[in-house]
Amino acid sequence: MYTLVVCEKPAAARRIAQALGESTELRHGGISIFEVKNSAHHYKICTALGHLYGLNDVTKNKSVYPVLDLEWAPVAKNPQVIRAINAISELAKDASSFVHACDYDQEGEVIGHSILQYACGDKYAEALRAKFSTLTDEEIRDSFTNLAKPNWGLAEAGRSRHMLDFIYGVNLSRALIRSFKSIGRYRNLSIGRVQGPTLAFAVNREMEIRLHIPDPYWIITAEFDKDGQIFSAQYEKPKVDKPAEAKAIIDACVGRNGTVNNISDKESMLPPPVPFNIGDLQREAYNLFKLSPGYTLAIAEKLYLQALISYPRTSSQKLPSSIGYDKIISGLSKIGKYSQLVSMLLSKEKLVPNEGRMTDPAHPAIYPTGVVPRHKLSGLELRVYDLIVRRFLAAFGDTAVSRHINVTIDVSGYIFKAGGMTLTYEGWMVLYKPYVRFNQRKLPKLHKGDLLRNWSIEMEEKFTQPPYRYNQASILAKMEQEKIGTKATRADIISTLFKRNYLAACKGGLEVTDLGFAVIDSMREFAPSIVSTNMTRLMEEQLANVEQGSAHSMSVIEQAVDRLLESLASFIEKEDDIGAQINSAVSADTAQASVLGQCPLCKKGQLCIVRSRTTQKRFVGCSNYVGGCKATAPLPQKGSIRITGKACLECSWPLIGVVFARGTKQWRICINTHCISKKRDTT
DNA sequence: GCAAGGTC
């Protein structure tokens, strides 16, 4: 007889097995399990792959609406999941006791609960709970000597979360799709508790940008000469509202020398960066390499599967010493380009990382394992790996020191300011070198009372700028800040919004399409809670009550259903209008997305990407076709076409970009088959 | 065909 231990993922099962004693890995029904057998205990340790069970629509009929009858069922489309469930069911038959050892958070509680209830046969009540906050030997052993009762409230809260998200998300998505269908068209549309507010953030920003009225202001810059060194200073008021005021200052100062009035000279400490959690890594990779958060996660996962880095889907910014700094660092020293950096670290007396505040129930921050890559990493993999290694090393570096000098200069009673910023001690920056952003600004040596020759003084008209567009990194940061979505799903949600064509990439970040606006508009009118973060707040509050036992899951869900049905009733009433509105938005978007540029033949129409009705193939045609223009051009049928907005230098027909796979290079071609550039290629 | 949440 043995104790069956249920874990959330293979990596955790392995760690737990190692912590509990000498373990052997066995194959059972096509999946790996671990056995630990000694005089005190006999454990069989099995693992899930995240959720093995999820919610299903009982009717399984996608045209039923609204759908309110849900059931928990195996995640059937994944054959690995089915194998895992079968193996666990087998092992449960001969088990004398059960330990729930999934991550100690809400989703982990649900994962273990479903397995114990559905795969093991109602064993949740009798199972004991291992509670650990990181997968270190010590914590795992501790949690097994102090096993707790299962937390029904937490499991119930988690299960309710699944229900609420499904009921709201699926029904409102079906409502959108139906309204579009009601005017005879089809398109995949969706909305949900996280998609809604995320899209709304972008819509609000877009509105701020469009409604921004630029206000003029003037800046006054003077240049001073100190022993042949010229430096610039700004008038103390950074924005002067009136041109007359600026003019008066210039008139009073022009040709007048300045006197150094005041000097402050301060040192400031720049602590090392904290180690990466997934959000920090995604942001940094976007800012440095312009990688989308989803792509960065995919690369990190690949590196993790090659054992080069630790588990990437973590929110922790901490590096406990139990990960074994020495082993990692000596491993990295075997990789040529890091050996010198590592020896710098090893000369330190003690290795102590700078850590951030955020923690994670199951994992430390992302760190390199020190394993030397066996295969050559691809370009982007190498960049992300290098970033993670250097960030890890930098976290152990010394605090850097910078020196800030601020001077004020008096010119006939008007005050100008100049600042210098230099690095006096590089510290950790050496370790993080290509990725450090520190702009030095030097001033000549100045003393109080120094007389400075006024070299020039100018005023320049500027305009207040609209707020920045969100980009993929900053909208992810906004989601983190507003606490919607999770570390594992935020990147997915953003890419869903792109896939639905609600968001589009544009210069300077991302923009909301007409379709995105139409969806938010109709939701704001009929189901405002789905596009506001209040829904998450209310849900969290109610689920906390469920967890503590002061509210029933059933009544929370019933209330939500009532609110939903109220929204849907008015939605259905206006179905045709909403459909028409979405339709016009979709047409506007596609029309815009397919224009390549002015037609070089008739010079009246626009060359557009169109699809042949008969062959369904895409090609380029002139919008002035009806007016008699016969300009056409073939297009490659595979790959995605990018509009460059540029014209061929040889023939002035539009240039297009073709991308065959994500992350591959864009192939730039002139669409004109008779272009001279092609003739040259063949001769 | 729809959500959000795990993980590979």
Side-chain angles (χ1 to χ4, degrees), chain A residues 7-13 31-32 47-57 59-67 70 72 74-75 77-81 83-84 102-103 105-115 157-181 185-199 278 297-298 300-306 311-315 360-363 479 484-497 499-500 519 527 530 535-536 539-540 543 560 564 568:
Chain A
C7 306
E8 181 161 325
K9 54 202 153 214
I31 68 158
S32 266
T47 178
L49 295 135
H51 284 289
L52 299 186
Y53 294 83
L55 284 174
N56 260 354
D57 174 354
T59 63
K60 293 194 173 56
N61 180 345
K62 292 190 166 67
S63 58
V64 170
Y65 163 85
V67 33
L70 306 179
W72 288 88
V75 180
K77 55 183 172 191
N78 184 344
Q80 287 228 73
V81 163
R83 271 201 296 277
C102 299
D103 292 359
D105 54 23
Q106 187 170 278
E107 292 302 321
E109 196 66 29
V110 174
I111 291 168
H113 172 273
S114 301
I115 292 170
R159 287 159 62 82
S160 312
R161 201 280 305 151
H162 281 250
M163 294 265 187
L164 292 171
D165 277 339
F166 191 108
I167 288 172
Y168 261 90
V170 171
N171 285 307
L172 287 172
S173 296
R174 284 189 188 174
L176 278 174
I177 296 168
R178 267 173 58 119
S179 70
F180 199 45
K181 243 185 187 167
R185 297 198 56 183
Y186 177 77
R187 195 185 175 102
N188 209 354
L189 298 164
S190 67
I191 197 73
R193 178 179 54 87
V194 184
Q195 282 183 41
T198 306
L199 183 56
I278 189 61
L297 178 58
E301 236 155 28
K302 229 170 152 185
L303 295 172
Y304 163 68
L305 292 173
Q306 293 176 59
Y311 187 75
R313 253 169 293 175
T314 174
S315 53
D360 189 281
H363 307 280
M479 294 170 81
I484 57 164
T486 70
K487 60 186 189 259
T489 59
R490 287 182 188 119
D492 283 343
I493 303 263
I494 295 169
S495 65
T496 300
L497 296 176
K499 214 161 64 195
R500 298 271 181 268
V519 167
I530 200 79
M535 174 137 175
T536 294
M539 196 178 86
E540 278 170 352
L543 295 183
L564 173 76
L568 291 182

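Please read all numbers here as calculations on a predicted model, not as lab measurements. Proteins get letters first, then strands, A, B, ... in listed order; numbering begins at 1 in each.
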**Request:** Please examine the side chains of A/Y53 and A/H113, heavy atoms only from C-beta on, and report whether any two atoms are closer than 4.5 Å.
**Result:**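 No. Closest side-chain heavy atoms not under 4.5 Å.
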
**Request:** Apply side-chain contact (heavy atoms from CB on, under 4.5 Å) to A/T198 and A/R490, showing your working.
**Result:** CA-CA 10 Å; A/T198 306; A/R490 287 182 188 119; over 6 Å; no

**Prompt:** Going from CD on A/E540 to CD on A/Q106, what distance comes out if it is rounded to the nearest 0.5 angstrom?
**Reply:**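 Reported value, rounded in 0.5 Å steps: 9.0 Å.
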
**A/Q195 and A/S190 side chains, donor-acceptor separation under 3.5 Å** =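 Judged by distance alone, the side chains do pair up.
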
**Request:** Look at the rings of A/H162 and A/H51 and say which category their plane angle falls in: under 30° parallel, 30 to 60° tilted, over 60° perpendicular.
**Result:**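 The arrangement is perpendicular - the two ring planes meet at more than 60°.
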
**Request:** Would you give a per-nucleotide map of nucleotides 2-7 of chain B, 5' to 3', where B means the base has a protein non-hydrogen atom under 4.0 Å away, S means only the sugar-phosphate does, and - means neither?
**Result:** BBBBBB

**Asked** How long is the line joining CG of A/N171 and P of B/dG1, in whole Å?
**Response**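 Result: 18 Å.
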
